[in-house]
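This report concerns only the one structure given below.
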Amino acid sequence: MKRTILNIIGWLAVALGTLGVFLPLLPTTPFILLAAWCFAQSSPRFHEWLLYRSWFGGYLRHWQQYKAMPPGAKPRAIVITIATFAISLWLVKIVWVRFLLLAILTCLLIFLWRIPVVDAKQQK
């Protein structure tokens, strides 16, 4: 029963993480990390798939090995975050929602800025 529940949560997390790639307020990383943990506890096959065959695999393996982002990932993440929030801020006309979006954007950028990056010299 525990394995089944963890598998369901894992696949739900993969789905939400995938949606988070396209939706600005839905975070991708926590859901994919949750999926990796659930699959590690419940299904070696699904864990293997997530690490080696999914779109997120390279980032997950890098995170597991170094507890950091790969080179180049942080600037891309910051640019994509700013771009998606800029679109949201442009489309939203309600002032308090714009302030809420700016607050969320600020928190996300601070969070992203603090994540370490491991460069090629440190990987060896």
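This chain uses plain numbering: 1 for the first residue, then up along the sequence.
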One should read off an interatomic distance between R98 CZ and L91 CG, to the nearest 0.5 angstrom, of 9.0 Å

In the single-linkage hydrophobic clustering (I, L, V, M, F, W, Y; side-chain heavy atoms under 4.5 Å), do I115 and I80 co-cluster?
no

Other residues, nucleotides and ligands only: do more than 12 of their heavy atoms fall within 6.0 Å of NZ on K93?
yes

Give a yes or no on whether Y52 and V14 share a hydrophobic cluster (residues Ile, Leu, Val, Met, Phe, Trp, Tyr; joining criterion: side-chain heavy atoms under 4.5 Å apart).
yes

Nearest 0.5 Å, please: how far is CG in L105 from OG in S88?
9.5 Å

Quick one: pull up CD1 in I9 and CG in L16 and give me the separation to the nearest 0.5 Å.
11.5 Å

For the OG1 atom of T28 and the CZ atom of F56, what is their distance to the nearest 0.5 Å?
6.0 Å

In Å, rounded to the nearest 0.5 Å, how long is the span from CG of L108 to CD1 of I82?
10.5 Å

Under 4.5 Å side-chain heavy-atom separation, chaining through any Ile, Leu, Val, Met, Phe, Trp or Tyr, what else clusters with W37? Say none if it is isolated.
L6

ILVMFWY cluster, V92 and I87 together (side-chain gap under 4.5 Å):
no

Heavy-atom donor-acceptor pair, K74 side chain to M69 backbone, under 3.5 Å
no

Are there over 12 heavy-atom neighbours, none belonging to W49, within less than 6.0 Å of that residue's CH2?
yes

Atom CZ of F85 and atom CG of L102: how far apart are they, to the nearest 0.5 Å?
9.0 Å

Worked check of side-chain contact (heavy atoms from CB on, under 4.5 Å) between L33 and W63:
CA-CA 9 Å; L33 292 175; W63 182 260; 4.0 Å; yes

Side-chain donor-acceptor distances from residues 39-48 under 3.5 Å, at least two apart:
unit_1: S42; atom_1: OG; unit_2: N7; atom_2: OD1; d: 2.9
unit_1: S42; atom_1: OG; unit_2: C38; atom_2: O; d: 2.8
unit_1: S43; atom_1: OG; unit_2: F46; atom_2: N; d: 3.2

